[in-house]
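Right, one structure below, let's go through it.
Only heavy atoms go into these numbers, but all of them, side chains included; no hydrogens, no water, no symmetry mates.
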Amino acid sequence: MAPAYASFRTVYWGWNGLFDLYEESSDLIVTPFRIGIGWGDLYITMHKHTWGPDLGHAEGNWYYLYTAVNECNRALYQVENLDGLEASVQKSSVQELKALRAIYYYLLYDNFRNIPIVTDFVTPVGFLPTQSTSQETYNFIENELLTALPSLSEDNNSKTYGRVTKWAAKMTLAKLYLNSGVYLNTPKWDKALEQVNDIISSNKFELTANYSDSFKIKNEGSSEEILSIPYDEKYAGGSYYPFKTLHPASQATFNMAGSPWGGSAAIPQFIDTYDVDDVRLKDTWLGGLQYDSSGNPLMFNNIQLNYTNYMSEVDGTVYNEGYRCIKYEIGSGTASSLSNDVPFYRLTDALMIKAECLLRMGDVAGAATIVSQVRARSFKTNPIKATVTGAKLLGGSVYKYGEYSYGNITKFEGGADILYGGFLDELAWEFVGEHHRKQDLIRFGVYTTKSWFSHKPNGDYRKIFPIPQSIMETNSKLKQNTGYGS
């Protein structure tokens, strides 16, 4: 079973992996062309929503996820045909693998929608899979998870850490139901609410005292994590984000053994939405004048490095433009990869799904109570700001949408017209950098309707990615997603 789980690391942090699909195409993070450094290329395509069937990020995710599916199918074939295995162990192992495979298929479905479902490891020579409809794929994922539930562990301990438990399966079901209005044009808020209520009432999880606790180097003991992807700098590498975002000079700030590459950064319009008393700002982003680990000014080209909340244009920024993401703790001596585990699902996510369902079903006060609970740990210096009203959640977003160039919004659109925009803001502050934003923007009707930085709306069909051209060329039975050609 181990290779099926190990694949999750590549799915998430593999180059052109899952993180990029959800964050780089959103209004929170961008990797611009850095004058004198490089970057840009397909990341600019992601930002502008100008991709075609040859998008490397789509190809990478398709390959990583179907490799993971294949590892599940291999393990299922082996477990199902293993002599001498105790029947109860065999059954629970089979259902755990099917639930893990359903999570991989959920991610494929969310991003590509019209996908082949392959469940056999041994297939005939010349086998070419055919696509399932959106409804068929939705039903498959739902049925696999529901069938697995009775056999999955309800424990939350060191033996179940990083594995698919009953609670991880319920979180996936909740995500499926939460986005059902997007997938099938049939909202299922009540079903999503039922799943997260079970997770919350299990009392197996609790909010950590501090927002940053779930992203520490040693975060294996976080009480908040429902499903984690384990990483280890030496034995299970691949988590590289601080290297992608920090300028090389920041190596001296964190005593890193390896040099960062100076790429991605926060979109200034998003940074402007934060309340100054919200600790999630400093816990997530590095901005302003920089210093080395001894407190001395950090110099680059005889000038103190200053990460500015400013960007010129996506096709040409200088080295210091944009705040840098430091959500995952960076340890001294980090060479090329982090040991921080990824909290793929955490209790806060379940709480916010509950709040959104209540909000959309008319219990505005109930939603506000939950959001205020989540905010409380981030406003300890000014607790009164932790409390939000239902009216705030129902109202528009504070994000100043519009085309942005050289520090100015040239075509202001704003966010006042976004239904539940106040809640959408809460999702951004809590989950930025956690594979959320693309899905959230689509659900709230923003992904293909608003402008930010150098991005402007470029077709409603871009809610799903194209099937990679390389895959289309090897399987004549596949039909390209609408908007991307034949």
Contacts of [X] that satisfy salt bridge (Lys or Arg N to Asp or Glu O under 4.0 Å) - sequence neighbours left out:
X      : value
Glu426 : Arg375
Lys450 : Asp417
Arg280 : Asp278, Glu430
Glu434 : Lys327, Arg346

## Note on the structure
Sorted by chain and residue number, the side-chain contact (heavy atoms from CB on, under 4.5 Å) partners of Ala6 (sequence neighbours excluded) come out as Arg9
### Residues forming a side-chain contact (heavy atoms from CB on, under 4.5 Å) with Lys380, sequence neighbours excluded
Asn210, Arg377
According to ring pair (Phe, Tyr, Trp, His ring centres under 6.0 Å), who are the partners of [X], at least two apart in sequence or on a separate chain?
X      : value
Phe444 : none
Tyr138 : none
Tyr211 : Phe215
Phe423 : none

### Message
List the residues meeting side-chain hydrogen bond (donor to acceptor under 3.5 Å, both in side chains) with Thr448, not counting sequence neighbours, and say none if there are none.
### Response
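Partners of Thr448 under the side-chain hydrogen bond (donor to acceptor under 3.5 Å, both in side chains) test: Asp460.
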### Summary
residues 168-185 vs salt bridge (charged side-chain N to carboxylate O under 4.0 Å, His left out), sequence neighbours excluded, gives Lys170-Asp198, Lys175-Asp349
## Note on the structure
Here the gap from Glu206 atom CD to Glu224 atom CD, rounded to the nearest 0.5 Å, amounts to 9.5 Å
